[in-house]
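Working notes, beginning with the structure itself.
Computed from a predicted model, the values in this text were never measured in an experiment. Residue numbers start from 1 in every chain, and the chains themselves are labelled A, B, ... in the order their sequence lines are given, proteins ahead of strands.
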Amino acid sequence: MNVETSVRVEDKLFYNRYLVDVGRPHVKVRAHTKPSSQLLALLKVCPARCYELNDKGQVEVTVDGCIECGTCRVIGEPTGDIEWSYPRGGYGVLFKFG
Amino acid sequence: MIEEKFDAIVVGAGMSGNAAALAMAKRGMKVLQLERGEYAGSKNVQGAILYADMLEKLIPDFRDDAPLERHLVEQRFWIMDDRSHFGVHYRSEDFNEERPNRYTIIRAQFDKWFSSKVREAGATVLCETTVTELARDAHGKVIGVRTDRRDGEIHADVVVLAEGVNGLLGTRARLRERPKPDKVALAVKEMHFLPRETIEAHFNLKGDEGVVVEAAGTISRGMTGMGFIYANKECISIGIGCIVADFQRTGETPYGLLDCFKRHPSVAPLIEGSEVKEYSAHLIPEGGYKAIPQLYGDGWVVVGDAAQLNNAIHREGSNLAMTSGRIAAEAIVQVKSRSHPMTAANLSVYKKMLDDSFVIKDLKKHKDMPMLMHTNSQNFFLTYPQLVSRAMQNYVRVDGTPKAEKEKVTLKSFVNARSWTGLFGDAFRIARAWR
């Protein structure tokens, strides 16, 4: 029974409100050819599934659905794999309930 | 640039920041509070339970207008395996009191209200403003902050860092380390809406009575973690959290765990027919006493989650946040009232006061628990729950087997799984860490 594959994270993010800061992502992945184990872990652990593998096998981030938990920062910042900031004031996820 | 100089700048408008800003403003200090969200609460995530005692110390009559959900009359602890739960429930009519002790709340709404009290007390609250950096003088003393607004350097005698678990500013300024993956948990949560009467029927409640379910066991798949279900008025908060290092090691997904938890036969009927309206995630400090960083320095103090002040064993965080915010404010007011400068030596009174409070006393009491739970997660979150479930089933199922034989089977299953040394060792370790 592999239920994970049936969970559609995109549908969950659709419940949320966001104000996307177009062209100014608050998380960036350092350019790489082969992803580190930390970067690969983000593919699974990111609760908004912002991290994906591209067809060259590199890890890419799309921050539009980010719920700003900071998990990727805790894992990926120490190794320099990612750069992490808060979005500019007012941008990002806007929780109605929190 | 804002030319005005403030007595204090508070970074963040969560529980600790609001408590600090309110307590200082009430004492006549000139306070500026900066919040990156659209409004106070729009970036804040919690289960959430509010502890009345700690809020009463700041706003004695909060019950008159605070957006409270339900007062808790029942606590359920569940040990779960894949098909069962073994529960300890405590419910008392005593909790239907005039001034209830604990409430469920919805943070975005509650924090907005809390922030309105901060404004009423005279503080300036500036939202949609991300603080990007601490401003320091030539000697390294913190003299204010820089924000993402244009020319945004603002000065104050002291900066209260109430920036939450991620605490970017403090880390960037090397006041403390970034939380490590084995010292924080990642929790994901959904808000499930149902008609009021349905929630009351599902949880055996009447009026504004509320209940909390906390669950551990195979739902975390051997990782250190916990599921929770909180009944609000017209919605149910349901979520699960595990240590980040465990997620990293196992490759489990947080939404996968949440999905399994929701579909568990003991849980599914509680949320049946609900409409989901939000999905959130948040980090929770789990390192306990040993993870508390330096709490003060020249021109700054740190409070709440940013200072890792969370009691993971009792699952209390917001009250430690609120209390540390209030105590930091009292310490600052004390230094100011003596016309002393906000130096590390003078601000050390904050730590002294905090050490004397339940905040540090409780964290100290359980200082060895986080490590014990994290290093033995397979036993505590997988093996024992399965054993308990089998033992209970063996106990309650009537099938003609003599009781003595049944008990022998149960005992044997425990010894086989953990050995006598293991069982006694686990009991001893828990007792030692708990005392």
Would you mind checking which part of [X] comes under 4.5 Å of any heavy atom in chain B, side chain (CB onward), backbone (N, CA, C, O), both or neither?
X	result
A/S37	neither
A/V9	side chain
A/F14	neither

Name the member of [options] that forms the most heavy-atom pairs with chain A at distances under 4.5 Å.
options	value
B/H282, B/K43, B/R249, B/Q248	B/K43
B/V165, B/V276, B/D111	B/V276
B/R107, B/M191, B/K277	B/K277
B/P179, B/G37, B/G41, B/A187	B/P179
B/E38, B/E128, B/R178	B/R178

Please check if the side chain of [X] supplies one atom and the backbone of [Y] the other of a donor-acceptor pair under 3.5 Å.
X	Y	answer
B/E278	A/K96	yes
B/S274	B/L194	no
A/Y18	A/G65	yes
B/T224	B/S377	no

Quiz prompt | Heavy-atom pair count under 4.5 Å with chain B, highest-scoring of A/G70, A/C46, A/A41 | solution =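 Most heavy-atom pairs within the cutoff with chain B belong to A/G70.
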Exercise. Name the option with the most non-hydrogen atom pairs under 4.5 Å to chain B; the candidates are A/I67, A/L42, A/L13.
Key: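 Max contact count across the listed options: A/I67.
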Contact origin within [X] toward chain A - heavy atom pairs under 4.5 Å:
X	value
B/S280	both
B/Q46	backbone
B/E163	backbone
B/R149	neither
B/V188	side chain
B/N44	backbone
B/E190	side chain
B/F110	neither
B/K180	backbone

Quiz item: Passes side chain to side chain contact (heavy atoms under 4.5 Å, CB included), A/L53 versus A/V59? Steps please.
Solution: CA-CA 5 Å; A/L53 273 185; A/V59 174; 3.8 Å; yes
Practice problem: Sort out for me which residue in B/V10, B/L168, B/V145, B/L134 forms a side chain to side chain contact (heavy atoms under 4.5 Å, CB included) with B/L161. | Solution: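 Of the listed residues B/V10, B/L168, B/V145, B/L134, the side chain to side chain contact (heavy atoms under 4.5 Å, CB included) partner of B/L161 is B/L134.
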Quiz item: Is the B/F193-A/F97 ring centre distance short of 6.0 angstrom?
Solution: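 So the answer is yes for these two rings.
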Exercise. Test side chain to side chain contact (heavy atoms under 4.5 Å, CB included) on A/S85 and B/R172 and set out the steps.
Key: CA-CA 11 Å; A/S85 298; B/R172 280 183 186 158; 3.1 Å; yes
Quiz prompt | CA sep, side-chain torsions, deciding dist, call: B/T171, A/R73, side chain to side chain contact (heavy atoms under 4.5 Å, CB included) | solution = CA-CA 12 Å; B/T171 317; A/R73 170 182 176 241; 3.2 Å; yes
Quiz item: Atom CD1 of A/I75 and atom CG of B/L186: how far apart are they, to the nearest 0.5 Å?
Solution: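 CG of B/L186 is found 8.5 Å from CD1 of A/I75.
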Quiz item: Is it true that B/R36 and A/E68 have a side-chain N and a carboxylate O under 4.0 angstrom from each other?
Solution: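 The answer is yes: the pair qualifies as a salt bridge.
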Exercise. Carefully, step by step, assess A/H26 and A/D21 under the rule side chain to side chain contact (heavy atoms under 4.5 Å, CB included).
Key: CA-CA 9 Å; A/H26 65 281; A/D21 198 356; over 6 Å; no
